**Q** 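Sharing a structure, written as structure tokens. Questions coming.
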Amino acid sequence: YHYNRATEETEWATGDREQISRLGLGTPIVGEVKITKKDPPSLGEYLEHLFTTHDVDKSGEIDTHELSHIFQGLGMGLSEKDIAELEAKADTDKSGQVSWEEFL
């Protein structure tokens with residue numbers, strides 16, 4: 001998201017990376033949802049937005065592929081091995097996916 005000084009609002013950037021960069025809005029963190037409000041989102045709101053946006057199949061759990069997209073969107077160039085290790089640590093019930101509770 002970015003802070004718009006003209007409107008004094010925090011806005012979620014939507015669209016593709018190149019388009020947003022051309023507009024000077026910085027690097028997008030998430031995809032196709034736009035939320036506009038006066039205050040920046042809380043950490044809980046931000047994490048929930050990340051989770052629900054990247055839970056593409058709406059299963060309520062994040063798989064390795066979806067988790068990889070979260071880290072790519074954050075600009076973190078993690079290897080498949082790194083992502084697998086993070087998923088294994090977060091996946092406390094050993095389901096092979098990360099639930100919302102485990103994501104927190």
Side-chain angles (χ1 to χ4, degrees):
Y1 66 94
H2 73 283
Y3 180 72
N4 184 331
R5 290 175 194 249
T7 63
E8 297 184 346
E9 294 180 334
T10 302
E11 301 171 346
W12 288 100
T14 60
D16 65 47
R17 269 181 207 278
E18 290 179 22
Q19 177 186 19
I20 290 170
S21 293
R22 282 193 303 272
L23 295 173
L25 300 179
T27 302
I29 296 174
V30 294
E32 300 302 320
V33 176
K34 181 174 180 180
I35 300 170
T36 303
K37 58 189 330 187
K38 293 244 180 238
D39 297 320
S42 69
L43 179 58
E45 289 172 324
Y46 178 70
L47 291 174
E48 181 179 11
H49 184 72
L50 274 178
F51 187 90
T52 57
T53 301
H54 289 85
D55 181 17
V56 178
D57 60 4
K58 304 302 178 205
S59 66
E61 297 183 312
I62 300 287
D63 62 26
T64 303
H65 181 72
E66 294 164 332
L67 191 60
S68 175
H69 280 263
I70 290 173
F71 288 112
Q72 287 175 358
L74 293 171
M76 300 174 72
L78 298 178
S79 69
E80 288 181 26
K81 180 182 174 190
D82 291 336
I83 292 169
E85 288 175 6
L86 288 170
E87 181 181 26
K89 288 179 183 177
D91 182 20
T92 57
D93 67 1
K94 307 300 179 207
S95 67
Q97 298 194 30
V98 178
S99 68
W100 169 243
E101 291 78 19
E102 293 168 329
F103 186 75
L104 290 176

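The shown structure was predicted, so the numbers you read here are calculated from the model rather than taken from an experiment.
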**Q** Between Leu50 and Ile70, which heavy-atom pair has the shortest distance, and what is it?
**A**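 Of all heavy-atom pairs spanning Leu50 and Ile70, the closest is O-CD1, 4.2 Å.
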
**Q** Give the minimum heavy-atom separation between Glu102 and Ala90, together with the two atoms involved.
**A**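 What the structure gives for the nearest pair is CB-O, 3.2 Å.
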
**Q** Is there side-chain contact between Glu66 and Asp57, with at least one heavy-atom pair below 4.5 Å?
**A**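 Contact flag for Glu66/Asp57 side chains = yes.
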
**Q** Does Lys58 NZ have over 12 foreign heavy atoms under 6.0 Å away?
**A**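 Enclosed.
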
**Q** Rounded to the nearest 0.5 Å, what separates atom CG in Leu67 from atom CD in Gln72?
**A**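 CD of Gln72 is found 10.5 Å from CG of Leu67.
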
**Q** Taking the side chain as every heavy atom from C-beta outward, state whether Asp55 and Phe103 have any atom pair closer than 4.5 Å.
**A**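 Answer no - side chains too far apart.
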
**Q** Applying the 4.5 Å side-chain criterion to the ILVMFWY set and letting contacts propagate, would Phe51 and Val56 be lumped into a single cluster?
**A**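 Looking at the clustering, Val56 is in a separate group from Phe51.
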
**Q** Mind checking the OG-CG spacing from Ser99 to Asp91? Nearest 0.5 Å is all I need.
**A**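 The CG atom of Asp91 is 8.0 Å from OG of Ser99, to the nearest 0.5 Å.
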
**Q** Indicate the atoms forming the closest heavy-atom contact of Ser59 with Gln97, along with that distance.
**A**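 Nearest pair, atom of Ser59 first, then Gln97: OG-OE1, 3.9 Å.
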
**Q** First locate atom OG1 of Thr53, then atom NE2 of His69, and finally report the distance between them rounded to the nearest 0.5 Å.
**A**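 Separation between the atoms: 13.0 Å.
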
**Q** Which heavy atom in Ser95 sits nearest to a heavy atom in Glu61, and how many Å separate them?
**A**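 For Ser95 versus Glu61, the nearest heavy atoms are OG-OE2, 3.9 Å.
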
**Q** Using side-chain heavy atoms (C-beta onward) and a distance below 4.5 Å, is Leu86 in contact with Phe71?
**A**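 Yes, side chains in contact.
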
**Q** Can you name the closest pair of heavy atoms from Val98 and Glu87 and give their distance?
**A**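 Minimum heavy-atom contact is CG2-CG, 3.8 Å.
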
**Q** If you round to the nearest 0.5 Å, how far is OG of Ser79 from CD of Glu85?
**A**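 The CD atom of Glu85 sits 7.0 Å away from the OG atom of Ser79.
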
**Q** Counting only heavy atoms not in Lys81 (residues, nucleotides, ligands), do more than 12 fall under 6.0 Å from its NZ?
**A**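 Incorrect, the count does not exceed 12.
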
